[in-house]
Number of protein chains: 2
Amino acid sequence: MSKSSVSKLVPKVPSVGGSRRAAYSASTKRALIDVAQTLFTDQGYAATSLDQIVAGARVTKGALYHHFSGKQALFEAVFERVESDSAQSVKKALRGHRDPWDKARAGLRAHLEVVQEARYRRIVIQEGPAVLGYERYREQEERSTFANVLDIVQSVLAAGKWELDEDMQQTFARIFFGAMSSAGEAVSGSEDPIAAAVRVETAIGFILAGFQILVENDVQLPNALAD
Amino acid sequence: MSKSSVSKLVPKVPSVGGSRRAAYSASTKRALIDVAQTLFTDQGYAATSLDQIVAGARVTKGALYHHFSGKQALFEAVFERVESDSAQSVKKALRGHRDPWDKARAGLRAHLEVVQEARYRRIVIQEGPAVLGYERYREQEERSTFANVLDIVQSVLAAGKWELDEDMQQTFARIFFGAMSSAGEAVSGSEDPIAAAVRVETAIGFILAGFQILVENDVQLPNALAD
DNA sequence: GCACTCACATACCGTGAGTACGTACCGAGA
DNA sequence: TCTCGGTACGTACTCACGGTATGTGAGTGC
């Protein structure tokens, strides 16, 4: 232990534009988020102490509380980053697809990839709701991962001749979002993730197929559960 | 405040069978779980102190640590009870349905009811994964709520002429489970839960309809995402 | 070069989970 | 009925950890 290897005291942050101090400051903030992300992912939020984090970042609590208002705020920074990265990676996979059904399948695949990452599972799925509270958690998801799903669903719905209002589109998106998330669990929780992924893709592909038939034949929405 | 109304020092637990002492013991244990459930639901796990709990149950920490190995174990007891109650209520709604599609719709409705309860949302959905850890959390869901969904899915699948292995059934069940859970969020998170519930039932009803067409026409599973 | 402030470091406090130990009371046996 | 053992707690304490108040020295603008 000890602050052995003083690897780099020089900040990675490009100093262009800001002052020297600002660059160093941004560097330590970044270091705090980096270390926190690692520890939160490995040990969870509650099991990670601020002392561990500041030790890992080779600073003290003073520095931490200078940059963040507390432990939860630090977690939130980590959360936002992980969420943002994941959403970006899915978004990237969506580009270049003209056919909405292809787009949907590509999105599913990308999502299944993301949900296998330890940091996403731990920080976003597992700890996110409890630490941030459900409200803030949903706000975040709303404008990142969920936005992607909504995009997909709207593409698919636009393929049909339906007229669905915003609320209904949201509802469909929510449902597919849940299905995909849960599918992700089935994959990442399996002892044979590859086989599980194939099963998931088959199952969802099948559901999409049923959906596609209805949409393309312009079948009207049933008053499904009317007695 | 204060231990004002000494409402009942007599345990509610039926003393038949056990000794007097055992009855009192079970009573305090029950009181601890009751109070803990209320406080965890209202304030969350982290924000609830053991002092609050034991004060509410009019005992001391000695009693708590006699019955439970710690805070987490107490939460687990609460969790199991809430989960069990919820699963029972859904299970009850499933009985008496011969048509699997009716059964599915009834299950959906019951699930939407459950997911609106504050205690279920807070303890099971929000705090469960973080406090118990994902493994234990899934174990619990596996043999309660998820078991219901699996039951429904198997009924529906049995309506077709398909031959699906156990893994594939599980996969379908997982996906529908996720869809229903997320649908529940859409309902309970909405500012107009009734309208949201109608939308959800419509949307899922529609998806079920697509599914139904495929199943009843014995459409084979596609190699959905094969390139 | 001088004041000022930003980016931390240090020392401290309060709270809350967990523990060690004491004790009263019930129930079984003599 | 008396003892005796163990259960079911109560009491007092420790220690870890999140948070805060305050000091300080290196930039930075004037």
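Here the structure is a predicted model, which is why all the values come from computation and not from measurement. Quick note on labels: first sequence line is chain A, next is B, and so on, each numbered from 1.
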I need the [atom1]-[atom2] distance between [X] and [N], as an integer number of Å.
X	N	atom1	atom2	value
A:Leu74	D:dC17	CG	C1'	15 Å
A:Tyr24	C:dT5	OH	C1'	19 Å
A:Phe68	C:dC8	CZ	C1'	14 Å
B:Tyr65	D:dA8	OH	C1'	17 Å
B:Asp51	C:dG16	CG	C1'	7 Å
A:Leu50	C:dC8	CG	C1'	16 Å
A:Gln43	D:dC17	CD	P	10 Å
B:Leu64	C:dG16	CG	P	15 Å

Selection from [options] that lies nearest to any side-chain heavy atom of [X]:
X	options	answer
A:Thr60	D:dG19, C:dT10, C:dG16	C:dT10
B:Ala63	D:dT20, C:dA17, D:dC9	D:dC9
B:Lys61	C:dG18, D:dG18, D:dG10	C:dG18
B:Thr28	C:dA9, D:dC9, D:dT20	D:dC9

Taking only the side-chain nitrogens and oxygens of [X], find out if one of them lies under 4.0 Å from OP1 or OP2 of [N].
X	N	result
A:Ser25	C:dC8	yes
B:His67	D:dA8	no
A:His66	C:dC8	no

*Hey, are B:Lys91 and B:Asp151 close enough for a salt bridge, meaning a charged N less than 4.0 Å from a carboxylate O?*
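Salt bridge: no.
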*Under a 4.0 Å N-O cut-off, is there an ion pair linking A:Arg119 with A:Glu83?*
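Looking at A:Arg119 and A:Glu83, the cut-off is not met.
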*When you measure from the side chain of B:Ser144 to the backbone N and O of B:Gln140, does any donor-acceptor pair fall under 3.5 Å?*
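Yes, because the side chain of B:Ser144 sits within donor-acceptor range (under 3.5 Å) of the backbone of B:Gln140.
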*Can B:Arg122 be said to sit on top of B:Phe40's aromatic six-ring, NZ or CZ under 6.0 Å from centre and within 45° of the ring axis?*
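Judged by the rule, B:Arg122 and B:Phe40 form no cation-pi pair.
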*With a non-hydrogen cut-off below 4.0 angstrom, is A:Thr48 in contact with a base, only sugar-phosphate, or nothing?*
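Counting heavy atoms under 4.0 Å across all strands, the contact made by A:Thr48 is with sugar-phosphate only.
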*5' precedence on DNA chain D between A:Gly62 and A:Ser49 (nearest-nucleotide basis)*: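 Going by which nucleotide is closer to the 5' end, it is A:Ser49.
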*Could you label the plane-to-plane angle of the A:Phe172 and A:Phe176 rings as parallel, tilted or perpendicular, counting under 30° as parallel and over 60° as perpendicular?*
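Correct class here is parallel.
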